[in-house]
Amino acid sequence: MVKKLFDKLSFIETQYEELSRKISDPDVIADQEVWQKLCREHSAISPVVEKYREYKKNVETMEESRQIMDDSSQDKDFRDMAEEEFYAARDNIETLEEELKVLLLPKDPNDDKNVIVEIRGGAGGDEAALFANSLFRMYSMYADSRRWKTEILSASEIGIGGFKEVCFEINGHGAYSRLKFESGVHRVQRVPETESQGRIHTSTVTVAVLPEVEEVDIDINTEDLKIDTYRAGGAGGQHVNKTESAIRITHIPSGIVVACQDERSQGKNKNAAMKMLRSKLYEVAERERSESIAADRKSQVGTGDRSERIRTYNFPQGRVTDHRIGLTLYKIEAIMNGDIDEIIDALTTTDQAEKLKTIEE
């Protein structure tokens, strides 16, 4: 193992032992806020320490087995057994080294957060709006499979069951880590129900996945906001047309506009709109930060830019292709029903491999 990685692991193990001592200290336990913070830190590095100790145990086994193998005074069967243990430990060490490298990769601070997903119909008119609804259903079913909660924040529907745009929140631990590579242009190729001659149409939908941002993550000056109320339209019964419960917030410095009308209460709509605004402002700040770093290598999974075509859903051929990693799966029905873990796992593995190259170089 590279010496600098070994030194880092030794340091983390020392840090882990110190944290273990502190969280068992009655004086620390008495201060629940401090104790909980230390417990989170302890839990975060625990997988690394456990894997490192397993690595060290295998190194020790390998060395002991080597000594027995080299000792001619030992019984042959005993040396043969030691040889088997030697090669087993060596194989384990190679695997553990790779696992440790992945565990040591810099963690995305947003990975554990909830997400706000925006889906907008692009080229293709009604067919794009219908596919926007299909993607919303796909992500909702995926969230259900992981027992996450989905809540629509705002939506603009068309009469035939599609969305011009829909913004929704997915609440669940690690939601951002699983969905962050979904941002970009999703292309669909299929025969629309309204197509009488059976011709295949190509439409596009844009998806943006934003980490949910708390008030402490980004500061918004209320003087920079223009807040308008208006009567909600669309589905929702008579109530939406009688009261000005819908909220539109304009962030004057950036020009970002968010609106929410799905809740019956003006206060709830305002809270939802502010949640969307914080996430959008955070996204802009993160993009500016990333551009200023000007990384030499772009990850194969892409920049997350909404203009980038990332995936094609070809219904006549029953295939889904992710263009960033060249992955094609012939199970479009299962994927549209929320079975997208295979795609997400492949994207995550590719991203980790690219980051590992950077570390090793």
Side-chain angles (χ1 to χ4, degrees), residues 36 39-40 43-44 46-47 107-120 131-157 161-163 165-184 186 205-218 258 260-263 265 268-269 271-280 282-283 286 301-302 304 306 310-311 313 320 322 327 329 331-352:
Q36 288 176 8
C39 283
R40 285 194 295 270
S43 177
S46 179
K107 190 174 181 342
D108 187 332
N110 295 318
D111 272 354
D112 293 337
K113 293 184 176 180
N114 302 325
V115 294
I116 291 175
V117 183
E118 294 179 334
I119 301 176
R120 287 188 170 85
F131 190 61
N133 186 33
S134 297
L135 288 183
F136 168 69
R137 178 178 177 274
M138 180 182 80
Y139 292 128
S140 297
M141 293 183 74
Y142 179 67
D144 288 344
S145 73
R146 300 184 76 89
R147 297 184 179 178
W148 294 340
K149 181 184 176 184
T150 302
E151 180 182 358
I152 292 179
L153 298 176
S154 66
S156 176
E157 301 178 47
F163 288 116
E165 61 180 77
V166 57
C167 180
F168 57 100
E169 181 179 29
I170 296 179
N171 288 309
H173 183 75
Y176 184 74
S177 70
R178 297 300 292 169
L179 295 172
K180 62 184 176 182
F181 297 126
E182 292 300 299
S183 290
H186 295 240
V205 170
T206 61
V207 174
V209 179
L210 315 174
E212 184 183 49
V213 180
E214 301 295 333
E215 291 185 35
V216 294
D217 293 327
I218 190 162
V258 294
C260 189
Q261 66 174 37
D262 272 41
E263 298 289 347
S265 156
K268 287 183 178 179
N269 278 326
N271 289 338
M274 286 298 294
K275 186 182 292 185
M276 292 160 60
L277 178 61
R278 279 195 296 271
S279 292
K280 284 175 176 285
Y282 185 82
E283 181 195 29
E286 283 294 288
V301 297
R306 297 184 207 181
I310 64 168
R311 194 174 298 150
Y313 305 76
V320 175
D322 196 289
L327 174 68
L329 299 174
K331 55 174 194 177
I332 194 166
E333 185 176 345
I335 287 169
M336 297 313 298
N337 284 331
D339 183 9
I340 57 176
D341 269 325
E342 189 173 353
I343 299 174
I344 292 170
D345 289 341
L347 290 165
T348 302
T349 299
T350 301
D351 182 58
Q352 289 175 345

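Start at 1 with the first residue, then count along the sequence. Only a predicted model underlies this, so the values are computations on that prediction, with no experimental measurement involved.
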Hey, does the side chain of [X] reach the backbone of [Y] with a donor-acceptor pair shorter than 3.5 angstrom?
X	Y	answer
Ser140	Phe136	yes
Asp351	Leu347	no
Ser279	Leu210	no

Measure the [atom1]-[atom2] distance between [X] and [Y] for me, rounded to the nearest 0.5 Å.
X	Y	atom1	atom2	result
Thr348	Ile343	OG1	CD1	11.5 Å
Trp148	Arg178	CH2	CZ	7.0 Å
Asp339	Ile332	CG	CD1	12.5 Å
Asp322	Arg311	CG	CZ	4.5 Å
Thr350	Asp345	OG1	CG	10.5 Å
Glu118	Arg120	CD	CZ	4.5 Å

Heavy-atom closest contact ([X] atom, [Y] atom, distance):
X	Y	result
Ala132	Phe163	CB-O, 3.5 Å
Thr150	Ala143	OG1-CB, 3.5 Å
Cys260	Ser154	CA-CB, 4.2 Å
Ala273	Val258	O-CG2, 3.4 Å

[Y] side chain reached by [X] side chain, heavy atoms, under 4.5 Å:
X	Y	result
Phe181	Val209	no
Cys167	Ile152	no
Ile335	Met138	yes

Original post:
Tyr142 and Asn337: side chain to side chain contact (heavy atoms under 4.5 Å, CB included), yes or no, with the steps?
Top reply: CA-CA 8 Å; Tyr142 179 67; Asn337 284 331; over 6 Å; no

Subject >> Non-neighbouring partners of Thr349 that pass side-chain contact (heavy atoms from CB on, under 4.5 Å), sequence neighbours left out >> reply: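 In terms of side-chain contact (heavy atoms from CB on, under 4.5 Å), with neighbours along the sequence ignored, Thr349 is linked to no residue.
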
**OP:** Tell me, please, which residues at least two apart from Arg147 pass side-chain contact (heavy atoms from CB on, under 4.5 Å).
**Re:**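 Not a single residue meets the side-chain contact (heavy atoms from CB on, under 4.5 Å) criterion with Arg147.
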
Subject >> Pair Lys180 + Glu182: basic N to acidic O under 4.0 Å >> reply: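 Salt bridge flag = no for Glu182 with Lys180.
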
Subject >> side chain to side chain contact (heavy atoms under 4.5 Å, CB included) between Glu169 and Lys275, intermediate numbers included >> reply: CA-CA 10 Å; Glu169 181 179 29; Lys275 186 182 292 185; 3.2 Å; yes

Which residues share a side-chain hydrogen bond (donor to acceptor under 3.5 Å, both in side chains) with [X], sequence neighbours left out:
X	value
Ser145	none
Glu342	Lys331
Asn110	Lys113, Tyr282

**OP:** Before giving the answer on side chain to side chain contact (heavy atoms under 4.5 Å, CB included), spell out for Ile119 and Val117 the whole-Å C-alpha distance, their side-chain angles and the decisive distance to 0.1 Å.
**Re:** CA-CA 7 Å; Ile119 301 176; Val117 183; 4.1 Å; yes

Expected list for residues 170-177: side-chain donor-acceptor pairs under 3.5 angstrom, two or more places apart:
from, atom 1, to, atom 2, distance (Å)
Asn171, OD1, Asn114, ND2, 2.8
Ser177, OG, Gly174, O, 2.7

Original post:
Who pairs with Tyr313 by ring-ring contact (aromatic ring centres under 6.0 Å, His included), at least two apart in sequence or on another chain?
Top reply: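 Checked Tyr313 against ring-ring contact (aromatic ring centres under 6.0 Å, His included); matches are Phe131, His186.
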
**OP:** If a pair satisfies salt bridge (charged side-chain N to carboxylate O under 4.0 Å, His left out) and one of its residues is in residues 131-146, list it, with sequence neighbours excluded.
**Re:**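 Those involving residues 131-146 are Arg146-Asp341.
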
